[in-house]
Asks: 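For reference, the structure I am asking about is given below.
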Amino acid sequence: MAGTVAFGSIPTPLGDMVVAVTEDGVAGTGWGDPARIKARLQDRLRLEETDDPGRTTAVLGELADYYAGGLRVFEVPLDWRLTSPVQRRVLGVLYETVPYGRAVTYGELATRSGTGVPARAIGSIMGANPIPVIVPCHRVVAGNGLGGFSGGDGVESKRRLLTLEGYLQPTLDWD
């Protein structure tokens, strides 16, 4: 798979979110220092960068709508090239079967995926998800709590996303 990648970014309540979009769709997203996230995605994709804001407009618009509470289903095409076949299967089942405002446990996702991957390994697949938020790894929780999260500020970011979606009730912020 050759081609090019265009990058864009948008400020979010969890920090700047960078997107990487190939000719096939969104291949990566991530929070943090835009230069660092872009370099990490560029290193993994190994594609020539192109300056094509038109390619990133749709996903940045959908993300802005999502963070504003107005978007419940992403419609932008996805490029799964940064996933293995097993990761693609598990993440695809998550993407297709766990809607906005809902969650699934690691064990339930393991069963749904039909891959034979144990629940503990599902957590590793979620941690390696190259397209967080759009492929909603934040919606995968432990049977006894939230579980982990490798994006943004970790579990606090997961909590904020699940609160935005109405899965969790807002908590008092004592700051």
Side-chain angles (χ1 to χ4, degrees), residues 1-68 71-98 100 106 109-110 112-113 115 117 120-140 147-158 160-161 164:
M1 285 187 207
T4 59
V5 60
F7 292 95
S9 68
I10 184 172
T12 79
L14 303 177
D16 288 337
M17 181 167 240
V18 174
V19 299
V21 185
T22 69
E23 290 89 343
D24 296 328
V26 180
T29 60
W31 295 279
D33 174 53
R36 186 181 59 77
I37 299 297
K38 180 179 165 183
R40 183 177 55 81
L41 288 167
Q42 179 75 19
D43 184 56
R44 292 189 64 206
L45 287 165
R46 300 189 184 281
L47 296 174
E48 181 180 333
E49 182 178 350
T50 184
D51 182 17
D52 186 357
R55 193 185 294 178
T56 61
T57 299
V59 67
L60 293 175
E62 286 191 11
L63 285 166
D65 289 349
Y66 169 81
Y67 284 108
L71 181 83
R72 295 177 182 266
V73 177
F74 287 95
E75 295 184 1
V76 291
L78 301 179
D79 180 340
W80 297 94
R81 75 178 70 207
L82 293 179
T83 61
S84 71
V86 169
Q87 290 171 321
R88 167 67 178 94
R89 172 75 183 145
V90 171
L91 291 169
V93 167
L94 169 65
Y95 180 75
E96 294 163 8
T97 68
V98 184
Y100 185 99
Y106 296 101
L109 185 56
R112 279 187 196 183
S113 74
T115 59
V117 171
R120 184 168 296 172
I122 295 294
S124 295
I125 291 172
M126 295 304 104
N129 176 13
I131 316 170
V133 175
I134 297 171
V135 177
C137 53
H138 60 280
R139 295 180 191 155
V140 183
F149 193 67
S150 60
D153 290 328
V155 175
E156 184 54 31
S157 292
K158 183 175 193 172
R160 291 181 74 183
L161 291 169
L164 169 72

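Predicted model only: the values in this text are computed from it and were never measured.
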Asks: Between the main-chain N or O of Glu75 and the side-chain N or O of Glu62, is there a donor-acceptor pair closer than 3.5 Å?
Replies: yes
Asks: Check whether any side-chain heavy atom of Phe149 sits under 4.5 Å from a side-chain heavy atom of Val140, and report yes or no.
Replies: no
Asks: Classify the angle between the aromatic ring planes of Tyr66 and Phe74 as parallel (below 30°), tilted (30 to 60°) or perpendicular (above 60°).
Replies: tilted
Asks: Can Leu109 and Val93 be said to form a side chain to side chain contact (heavy atoms under 4.5 Å, CB included), step by step?
Replies: CA-CA 8 Å; Leu109 185 56; Val93 167; 4.0 Å; yes
Asks: To the nearest 0.5 angstrom, please state how far the CD1 atom of Ile125 sits from the OH atom of Tyr106.
Replies: 12.0 Å
Asks: Verify, without hydrogens or angle tests, whether Arg139 (side chain) and Val98 (backbone) share a donor-acceptor contact under 3.5 angstrom.
Replies: yes
Asks: CG/Leu82 to CZ/Arg44 distance, rounded to the nearest 0.5 angstrom?
Replies: 4.5 Å
Asks: Distance from Tyr95 atom OH to Leu78 atom CG, nearest 0.5 Å?
Replies: 4.5 Å
Asks: Should Pro136 and Leu94 count as side-chain neighbours, where that means a heavy-atom distance under 4.5 Å?
Replies: yes
Asks: What I'd like to find out is whether the side chain of Leu164 reaches to under 4.5 Å of the side chain of Arg160, using heavy atoms alone.
Replies: no
Asks: Rounded to the nearest 0.5 Å, what separates atom CG in Leu41 from atom CD in Glu49?
Replies: 11.0 Å
Asks: Which pair of non-hydrogen atoms, one from Leu47 and one from Thr4, has the smallest distance, and what is that distance?
Replies: CD1-O, 3.9 Å
Asks: Which pair of non-hydrogen atoms, one from Cys137 and one from Met126, has the smallest distance, and what is that distance?
Replies: CB-SD, 3.7 Å
Asks: Check Pro130 against Ala27 and note the closest heavy-atom contact, atom names and distance.
Replies: CB-O, 3.8 Å
Asks: Can you give me the closest heavy-atom contact between Ile134 and Val26, atom names plus distance?
Replies: CD1-CG1, 4.2 Å
Asks: Checking side-chain contact (heavy atoms from CB on, under 4.5 Å) between Val5 and each of Asp79, Thr56, Thr50, Leu45, which is the one that passes?
Replies: Leu45
Asks: Might you point out which heavy atoms bring Val19 and Leu60 nearest each other, and give the distance in Å?
Replies: CG2-CD2, 3.7 Å
Asks: Answer whether the closest heavy-atom distance between the side chains of Val133 and Leu63 falls below 4.5 Å.
Replies: yes
Asks: Do NZ/NE/NH1/NH2 and the carboxylate oxygens of Asp52 and Arg55 come within less than 4.0 Å?
Replies: yes
Asks: Where do Gly148 and Val155 come nearest, in terms of heavy atoms and distance?
Replies: CA-CG2, 4.0 Å
Asks: Are more than 12 heavy atoms, taken from residues, nucleotides or ligands other than Asp43, located less than 6.0 Å from that residue's CG atom?
Replies: yes
Asks: Would you give the length of the straight line joining atom CZ of Arg88 to atom CH2 of Trp80, rounded to the nearest 0.5 angstrom?
Replies: 5.0 Å
Asks: Measure the spacing between CZ of Arg40 and CG of Asp33 and express it to the nearest 0.5 Å.
Replies: 11.5 Å
